[in-house]
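All figures in this text were calculated on a predicted structure; none of them were measured in a lab.
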Amino acid sequence: MTAVRTSALSLGIVVVAGLAWSSLAPSALVLAQAQAPSARPRLMTVRDTQNFANVGGVAISPDDQWVLYTRTVRDWDDAQWRTKTHLWRVRIDGTSARQLTFGDANTTAPAWFPAGDKIAFLSSRGAAPATADSDAGGSQVFFMHIDGGEAWAATKHAGGVASFSVSPDGKTLLLTAQEPLSSEDRRRRRDRDDAVVVDETFRWSHLWTFDIASGTEKRLTEGQFVVSDPQWSPDSNKVAYVTRPNTKVDDAAWSDVWMVELGGTPRKFYENAGPDTSPRWSPDGTILAMASKTQSGNTQWYDKLHLFPVAGGAPKVLLRDFDLDFGGPLWSRDGKLVYWSTGKGTRTELFGVDVATGELSTTRAPMVGVSGGFELSHDNNTWVFSHSAGTASGDLWAVRRQGSGYAAPVRLTTSNPWIASEKVQLGQVETIKWTNSDGGAIEGVLTRPIGYQPGTRYPLIVNPHGGPSGASTEGFSSFNQVLAANGFLVLQINFRGSTGYGQKHVNANQNTWGMGDYDDIMKGVDYTIAQGWADPNRMVAYGWSYGGYMTFWMSTQTDRFKLISPGAGLTNLYSMYSTTDIPAYLGWFFGTPWDNQALYDKLSPIRHVKNVKSKMLIMHGADDARVPPTQADEFYKALKDLGKDVTYVRYPRQGHGITETRLAIDRNRRYVCAFTAAVGLTSATEVCKDGLPVVEAPASQKPGGAGGVVDVDLPWSGSANAPEGRWLDRGVFEVIRRR
């Protein structure tokens with residue numbers, strides 16, 4: 001499963017409960033299996049989930065012959081298991097791949113100069129560390145000749161550069177960066193005289209231009225707001241950009257598009273109650289396309305394509321009847337079409353609209369599965385994009401347009417050849433469909449176990465997605481393949497409230513969390529049983545974020561699951577409203593709790609906690625601002641008072657996603673061991689004992705038993721991989737402490 005859209009509550013990763021220890025470390029046998037190539041087929045292991053190389057950051061050369069991209073790999077020889085990102089170049093026909101940058105510092109965001117003789121990128125090489133009264137050096141823009149030679153730093157922006165772009169004439173860089181610390185800011189930080197006034201203390205981001213010939217910077221924007229997504233006009237004289245009132249997550253819904261001429265005064269481009277984002281210039285510079293909607297606040301309404309005459313006047317609004325989301329616009333090189341990709345059911349598709357007629361000209365992606373990051377060649381004929389499918393991990397591809405269709409796609413990268421060379425066995429992934437209690441059609445993604453035999457019933461894992469406005473797709477999921485290797489069917493449901501099925505479907509759970517969506521899930525469970533696939537006596541469920549809410553809710557509504565593991569889940573919607581960083585998002589569904597207390601109480605799992613029958617494994621990050629850990633605390637305390645079978649794992653310093661590598665490995669092993677034990681299986685990929693992973697004990701630590709609250713500490717390690725193989729970039733690990 002891959003998330004088609006990262007929605008307000010989603011981010012799917014998990015946590016750790018008491019460990020079973022062994023000085024012999026038998027898990028080393030599993031690690032050896034994961035690392036060593038073998039002539040015999042093998043299974044996907046938890047450690048494998050952190051071994052995926054990831055590619056992205058595509059930039060096509062001006063002559064359309066080459067593609068720059070980034071490749072991120074984990075260094076297992078590094079004591080902290082950090083990842084390294086470097087630039088690569090490959091011909092657009094898939095030949096002559098070559099690594100361009102090396103060393104310990106990461107290099108990202110490649111860009112070509114218009115002449116095609118140089119490239120630019122961001123790197124932290126040579127950056128100074130942060131001090132008590134200053135920022136770290138951060139990343140700077142580097143230049144490098146494409147025919148080889150050493151890269152050199154172009155910028156020396158205080159605090160570093162967040163993003164940049166090269167002007168179309170190749171003379172100027174446009175830099176996005178945080179506001180520099182003032183002398184008073186530095187003093188307060190140094191003296192620890194740095195109290196924060198809630199909703200009043202922010203650090204702004206702004207724009208600067210950098211003249212390449214002279215090496216001089218000039219500030220372009222200033223004020224109390226945050227700037228993002230700046231876009232050069234084709235004549236290199238103007239910049240369109242997005243502002244938001246502050247850094248609060250919720251307030252991104254109050255974004256606006258502005259425009260400024262170099263040396264001029266910025267002006268708001270469009271007065272609109274709803275959010276305006278993703279400004280993109282037409283090739284001739286006469287039209288500014290953007291995504292916009294009239295509904296104010298953090299809502300689930302779809303954006304529509306707005307085309308504004310740059311000279312002034314009312315916009316032309318397209319896609320009024322297009323019943324899927326509209327993403328960032330991408331112009332065809334002749335200015336006749338605007339493209340975008342979005343989810344449709346369990347896949348992503350590429351769409352195009354004729355700006356003159358409003359007719360859809362493209363309605364499908366070049367490959368079946370999950371595709372994204374589309375870039376169009378300068379001759380208007382070739383797409384470069386990323387793609388994954390249920391049994392194919394992510395890679396870059398190129399495909400030529402051919403009439404209304406496509407020629408045969410060409411693979412540009414083979415990022416994870418070890419899957420084929422080590423003959424890693426993968427379970428088949430498919431979309432299935434059933435009918436809910438209201439007669440509506442619901443889809444889900446089903447991953448079948450390795451060696452699936454028709455007529456045999458298998459233990460079932462139910463995994464609701466986050467969001468709720470997200471979706472489960474047919475993209476590659478390394479962890480689903482680990483579960484398939486352990487003999488499980490995995491069912492992921494696009495219940496009411498999911499994206500990819502129209503506005504009515506995505507709005508269908510407003511005021512009804514836990515009602516229609518729960519019905520959709522359980523009808524899907526019944527369907528897999530009726531088909532003879534799932535064993536009704538061997539079922540478990542787990543989820544994260546909204547999936548955590550849903551699995552908390554499921555634990556209060558049914559006793560059909562042997563084990564339920566909610567992660568980062570909501571349990572008390574009333575207290576959640578005032579403690580989350582997205583109260584407006586929650587308010588869109590239910591209003592405020594003081595105006596609608598009965599509804600908040602009715603839909604809060606904590607109000608039904610006495611009904612819990614299943615064994616519970618609760619997981620949460622201690623520093624989660626999206627779903628504060630007090631949500632888990634409340635449910636855990638209630639279950640303990642009620643004498644229920646519950647373990648609660650809390651990770652210090654973890655946010656809404658559990659993102660440190662060793663922690664991610666331990667978390668997934670914990671899932672495998674708990675799930676297999678619950679349904680009477682022996683894990684085929686991990687070493688487990690009594691439902692817990694067996695690992696080597698640090699000499700200074702004592703083992704912690706199951707049950708109770710466990711805080712976990714392992715050596716710090718680099719950024720973890722998401723279940724889909726993408727790199728996650730938040731979180732660190734902490735100590736094993738029994739309470």
Side-chain angles (χ1 to χ4, degrees), residues 1 12-17 19-20 26-35 38 40-52 390-391 393 419 422-430 445-453 456-463 476-492 525 528 533-544 551 561-565 567 615 617 619 664-695 721 723-725:
M1 182 281 287
I13 319 284
V14 210
V15 210
V16 175
L19 298 174
S27 58
L29 298 175
V30 177
L31 297 185
Q33 178 197 32
Q35 291 174 314
S38 171
R40 301 179 62 184
R42 72 171 181 87
L43 302 174
M44 183 80 72
T45 70
V46 165
R47 194 174 192 269
D48 286 330
T49 66
Q50 300 303 309
N51 197 39
F52 281 82
T391 56
S393 63
I419 298 177
E422 298 179 24
K423 299 181 180 179
V424 178
Q425 302 299 288
L426 302 175
Q428 292 301 306
V429 178
E430 63 190 277
V445 177
L446 185 71
T447 303
R448 295 187 186 271
I450 307 300
Y452 172 80
Q453 295 292 326
T456 301
R457 291 189 181 271
Y458 294 89
L460 176 68
I461 293 175
V462 177
N463 176 219
F476 186 79
S477 168
S478 60
F479 189 57
N480 277 359
Q481 293 298 339
V482 173
L483 296 175
N486 281 279
F488 286 100
L489 282 168
V490 183
L491 177 63
Q492 297 167 295
V525 170
T528 64
W533 304 331
D535 183 342
N537 297 313
R538 294 190 295 166
M539 301 193 301
V540 299
Y542 82 107
W544 199 259
T551 45
F561 296 92
K562 299 294 186 183
L563 171 72
I564 295 179
S565 181
K615 182 176 182 178
L617 173 59
M619 303 180 174
I665 288 175
D666 190 88
R667 172 211 65 194
N668 284 345
R669 283 180 177 156
R670 182 117 354 234
Y671 272 151
V672 171
C673 292
F675 294 171
T676 52
V679 300
L681 293 177
T682 298
S683 174
T685 66
E686 316 304 318
V687 178
C688 308
K689 182 179 180 181
D690 299 327
L692 299 170
V694 179
V695 298
N721 242 357
E724 298 80 21

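For the residue pair Val540 and Ala678, the shortest heavy atom distance occurs at CG1-CB, 3.9 Å. For the residue pair Ile564 and Phe561, the shortest heavy atom distance occurs at CG1-CB, 3.8 Å. Across all non-hydrogen atoms, the minimal contact from Ala677 to Gly691 is CB-CA, 3.6 Å. Scanning all heavy atoms of the two residues, the minimum distance from Gly543 to Asn463 falls at CA-ND2, 3.8 Å. Of all heavy-atom pairs between Val694 and Cys688, the closest is CG2-C, 3.7 Å. Of all non-hydrogen atoms in Ala534 and Arg457, the two that sit nearest each other are O-NH1, 2.7 Å.
Put simply, the side chain of Leu681 reaches to within 4.5 Å of the side chain of Phe488, judged on heavy atoms. Proximity of Thr528 to Met539: side-chain heavy atoms (C-beta onward) are nowhere separated by under 4.5 Å.
With rounding to the nearest 0.5 angstrom, the NZ atom of Lys423 is 10.5 Å from the CZ atom of Arg40. Taken to the nearest 0.5 Å, the CD atom of Gln481 stands 11.5 Å off from the CG atom of Asn486. Arg448 contributes atom CZ, which lies 5.0 Å from atom CH2 of Trp533 (distance to the nearest 0.5 angstrom). To the nearest 0.5 Å, atom OG1 of residue Thr456 and atom CG of residue Leu489 are 10.5 Å apart. The line from OG1 of Thr447 to CD of Gln428 is 9.5 Å long, rounded to the nearest 0.5 Å. With values rounded to the nearest 0.5 angstrom, Ser478 atom OG is found 9.0 Å from Ile419 atom CD1.
Ring-plane geometry between Phe52 and Phe476 is classed as tilted, the angle between the planes lying from 30 to 60 degrees on a 0 to 90 degree scale.
The backbone N or O of Pro459 lies less than 3.5 Å from no partner atom in the side chain of Asp535, so there is not a single donor-acceptor pair. Between the side chain of Glu686 and the backbone N or O of Ala684, no donor-acceptor pair lies under 3.5 Å. Side-chain atoms of Ser565 do not come within 3.5 Å of backbone N or O of Tyr542 as any donor-acceptor pair.
Considering Thr685, Leu426, Asn51 as possible partners of Met44, the one that fulfils the side chain to side chain contact (heavy atoms under 4.5 Å, CB included) test is Leu426.
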>> Walk me through whether Asn480 and Gln492 qualify under side-chain hydrogen bond (donor to acceptor under 3.5 Å, both in side chains).
In response: CA-CA 10 Å; Asn480 277 359; Gln492 297 167 295; 2.9 Å; yes
>> Between Leu460 and Arg538, is the side chain to side chain contact (heavy atoms under 4.5 Å, CB included) condition met? List the steps.
In response: CA-CA 6 Å; Leu460 176 68; Arg538 294 190 295 166; over 6 Å; no
>> Walk me through whether Tyr458 and Val679 qualify under side chain to side chain contact (heavy atoms under 4.5 Å, CB included).
In response: CA-CA 10 Å; Tyr458 294 89; Val679 300; over 6 Å; no
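Asn668 and Gln50 share no donor-acceptor pair across their side chains, judged by distance under 3.5 Å alone.
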